[in-house]
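The residues of the chain are indexed from 1 along the displayed sequence.
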Amino acid sequence: MKNTVLVQAKVPSDVKVTSEKIFNDFGLDISTAIRMFLIKVNQTRSIPFTIGYEDNASNAMAKEFSDYLLAVKNDIENDKNVLHFASNKEGFEYLESLVK
């Protein structure tokens with residue numbers, strides 16, 4: 001690799017050891033994994049994972065949506081609160097009417 005620079009980071013030894021084992025399972029070493037991370041950051045111009053607290057608004061919204069989907073699945077399985085249409089066309093027309 002041309003024009004490379006050394007990047008160093010201090011991490012707890014247990015984090016390094018555990019990470020090395022995980023990376024080895026993927027056939028990677030730590031240097032390659034860090035390079036992959038930095039390349040992904042450059043490609044996406046973002047951090048390639050979620051940063052935040054477990055109970056942040058995004059997670060709460062995801063849980064609420066997941067709960068909603070489970071409730072809908074339950075309704076479908078029990079034929080409750082479910083609309084029935086004679087054809088796909090009729091169903092799509094109904095959906096289109098909701099957004100007008």
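- For Thr18 (side chain) and Asp14 (main-chain N/O), a donor-acceptor pair under 3.5 Å exists by modelled atom type.
- Among residues two or more places apart in sequence or in another chain, the side-chain hydrogen bond (donor to acceptor under 3.5 Å, both in side chains) test is passed with Glu77 by Lys73.
- One finds the CZ atom of Phe23 at 7.0 Å from the CD1 atom of Ile34 (value rounded to the nearest 0.5 Å).
- Legend: residues meeting salt bridge (Lys or Arg N to Asp or Glu O under 4.0 Å) with Lys89, ordered by chain and number and at least two apart, are Glu93.
- Within the 4.5 Å cutoff, no side-chain heavy atoms of Ser46 are placed close to those of Val41.
- By the rule that hydrophobic residues join a cluster once side-chain heavy atoms approach within less than 4.5 Å of another member, Ile39 and Ile30 end up as members of separate clusters.
- Side chain of Asp79 to backbone of Asp75: no donor-acceptor contact under 3.5 angstrom is found.
- Arg35 is listed as a side-chain neighbour of Thr32, based on a closest heavy-atom distance under 4.5 Å.
- Atom-to-atom distance recorded for Ile22:CD1 and Leu28:CG is 11.5 Å, nearest 0.5 angstrom.
- Open room surrounds CZ on Phe26; 12 or fewer heavy atoms of other groups in view lie less than 6.0 Å from it.
- Cluster annotation: Val17 is not connected to Val15 through the hydrophobic network of ILVMFWY side chains, with a link wherever side-chain heavy atoms come within less than 4.5 Å.
- Cluster partners of Phe92, using a side-chain heavy-atom cutoff of under 4.5 Å among ILVMFWY residues and allowing indirect links, are Leu83, Phe85, Tyr94, Leu95, Leu98.
- Of all heavy-atom pairs spanning Glu90 and His84, the tightest one is OE2-O, 4.5 Å.
- Taken to the nearest 0.5 Å, the CE atom of Met36 stands 10.0 Å off from the CD atom of Gln43.
- Asp67 has a carboxylate O that lies under 4.0 Å from a charged side-chain N of Lys63, or vice versa, which qualifies the two as a salt bridge.
- Side-chain contact check for Ile47 versus Phe49: some heavy-atom pair is nearer than 4.5 Å.
- A 4.5 Å side-chain heavy-atom check between Asp29 and Glu20 finds every atom pair outside the cut-off.
- Asn78 places a side-chain N or O within donor-acceptor distance of the main-chain N or O of Asn74, the cut-off being under 3.5 Å.
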